[in-house]
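Quick caveat, the model's predicted, so the values are computed rather than measured. Nothing fancy with the numbering, it's 1 onward along the sequence.
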Amino acid sequence: MGDPAGIGPEIIAKACARLKPRLADGSLSLLIIGSVTAMRAMESISGRIEEEQPSASATGVFPPVAILEAGPERTPIETGVLSAEGGRLAYLAIEKAVRLAQAGSIAGIVTAPLNKEALNLAGYHYAGHTDMLAELTGARDSVMMLAHGDFRVSHVSTHVALAQVPSKLTEPRLRRVIQLTVEALRGLGIAHPRIAIAALNPHAGEGGIFGREDIDITTPVVASYKSTDFTVFGPVPGDTVFVKLRARQYDAVVAMYHDQGHVPVKLLGFNVDPATGEWKALSGVNVTLGLPIIRTSVDHGTAFDIAGRGIANEDSLVEAIEFAVQMAAAKSTP
């Protein structure tokens with residue numbers, strides 16, 4: 001559920017309603033982990049959601065839609081208000097989901113948004129879901145991939161200061177991102193992926209005038225993949241690489257830092273009302289690669305400013321669920 005004070009409960013309720021035919025025919029099951037109180041407040045949207053039976057967490061047998069309490073609520077959660085309690089419940093929900101996934105009781109985890117400030121107020125000092133999941137699963141060198149339809153972007157670095165980005169571009173890290181991106185694309189049914197590596201510097205360094213990272217690190221790595229059954233291009237200047245991705249010249253781009261990769265995905269994903277200038281919906285999926293479990297997420301925040309108003313859009317959550325289902329199916333295929 002993420003932070004129960006945010007839009008997580010509302011978009012979950014709307015996603016359940018939208019996916020009702022699949023839940024009814026047994027092709028999909030959803031286990032909601034978070035605040036039961038918050039979900040009950042959303043039942044006017046979703047209808048009554050069946051609660052977990054006492055033995056369900058032990059057996060891993062759940063009804064088509066079930067709610068599992070993340071933990072006891074110490075203080076009431078106020079919708080739209082940042083609090084340590086909201087951060088605590090968001091953490092407990094993830095922790096419980098990870099244990100169920102590791103036990104094989106669930107096929108994957110889909111996360112609604114949490115708030116980093118609330119999380120830290122609760123004493124959990126993580127930059128976000130990705131760092132938390134890496135620690136809980138014992139994973140190393142996980143990779144963030146954003147996807148909007150067939151527009152897919154992996155990241156060498158994410159939540160670090162811009163001044164630290166050049167030091168994050170190393171040969172081992174770049175190879176790790178490329179390999180995980182290839183595996184993800186194959187899991188989506190792309191047998192021979194085409195991956196472009198975005199340049200770190202303007203014009204890929206312009207022969208070293210604007211920096212040597214693209215020349216000294218990226219170029220030799222790209223050259224080493226000449227004889228593989230996937231194709232790696234680059235370094236491709238950042239001001240053109242995403243245009244080429246949108247033109248389907250590539251299947252994915254490896255971006256060097258957070259905003260380089262996030263901006264183009266979110267620009268495509270935001271649906272803005274031209275009359276008011278307000279955004280009406282956001283689509284797109286955040287996928288964590290390199291974990292021993294499947295994890296996808298919405299590509300937006302808690303939106304405390306609109307929480308509880310009934311206007312939150314569930315498109316990104318539905319996409320994230322569908323992406324997780326696809327990844328789970330690929331993982332279970334011999």
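Residue pairs meeting the ring pair (Phe, Tyr, Trp, His ring centres under 6.0 Å) criterion with at least one member in residues 224-249, sequence neighbours excluded, are Tyr225-Phe230, Phe233-Tyr250. Within the structure, ring pair (Phe, Tyr, Trp, His ring centres under 6.0 Å) pairs that include any residue of residues 83-125 comprise Tyr91-Tyr124 (at least two apart or interchain). The side chain to side chain donor-acceptor pair (under 3.5 Å) contacts involving residues 141-151 comprise His148-Ser283, Asp150-Arg248, where partners must be two or more places apart or lie in separate chains. Applying the side chain to side chain donor-acceptor pair (under 3.5 Å) test to every pair with at least one member in residues 158-169, sequence neighbours left out, gives no pairs at all. Identified under the ring pair (Phe, Tyr, Trp, His ring centres under 6.0 Å) test for residues 100-120, with sequence neighbours left out: none. Pairs engaging residues 16-40 under the ring pair (Phe, Tyr, Trp, His ring centres under 6.0 Å) rule: none recorded [sequence neighbours left out].
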- Task: Would you please test Arg74 and Glu85 for salt bridge (charged side-chain N to carboxylate O under 4.0 Å, His left out) and show each step?
- Result: CA-CA 7 Å; Arg74 295 174 179 171; Glu85 181 68 355; 5.1 Å; no
- Message: Between Arg186 and Glu183, is the salt bridge (charged side-chain N to carboxylate O under 4.0 Å, His left out) condition met? List the steps.
- Response: CA-CA 5 Å; Arg186 284 178 174 157; Glu183 292 173 8; over 6 Å; no
- Message: For Asp214 and Asn201: C-alpha separation, side-chain torsions, deciding distance, then whether side chain to side chain donor-acceptor pair (under 3.5 Å) applies.
- Response: CA-CA 7 Å; Asp214 300 294; Asn201 298 300; 3.1 Å; yes
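Among residues two or more places apart in sequence or in another chain, the side-chain contact (heavy atoms from CB on, under 4.5 Å) test is passed with Leu162 by Val165, Tyr257. Contacts of Arg140 classified as side-chain contact (heavy atoms from CB on, under 4.5 Å), with partners at least two apart in sequence or in another chain: none. Glu171 is linked by a salt bridge (Lys or Arg N to Asp or Glu O under 4.0 Å) to Arg175, counting only residues two or more places apart in sequence or in another chain. For Pro202, the side-chain contact (heavy atoms from CB on, under 4.5 Å) test picks out Phe210, with sequence neighbours left out. Remark: Thr137 pairs with Val98, Gln102, Ala139, Leu291, Pro292, Ile293 by the side-chain contact (heavy atoms from CB on, under 4.5 Å) rule, at least two apart or across chains.
Between Val153 and Leu245, the closest side-chain pair of non-hydrogen atoms falls below 4.5 Å. Val110 places a side-chain heavy atom less than 4.5 Å from the side chain of Leu317. Looking only at side-chain heavy atoms (C-beta outward), Pro235 and Thr219 come within less than 4.5 Å of each other.
No donor-acceptor distance shorter than 3.5 angstrom exists from the side chain of Glu69 to the backbone of Thr37, with no hydrogens or angles considered. A side-chain donor-acceptor contact under 3.5 Å links Asp251 to the backbone of Arg194.
Cluster note: Leu82 groups with Leu121, Phe304 through ILVMFWY side-chain heavy atoms spaced under 4.5 Å, whether in direct contact or through intervening members.
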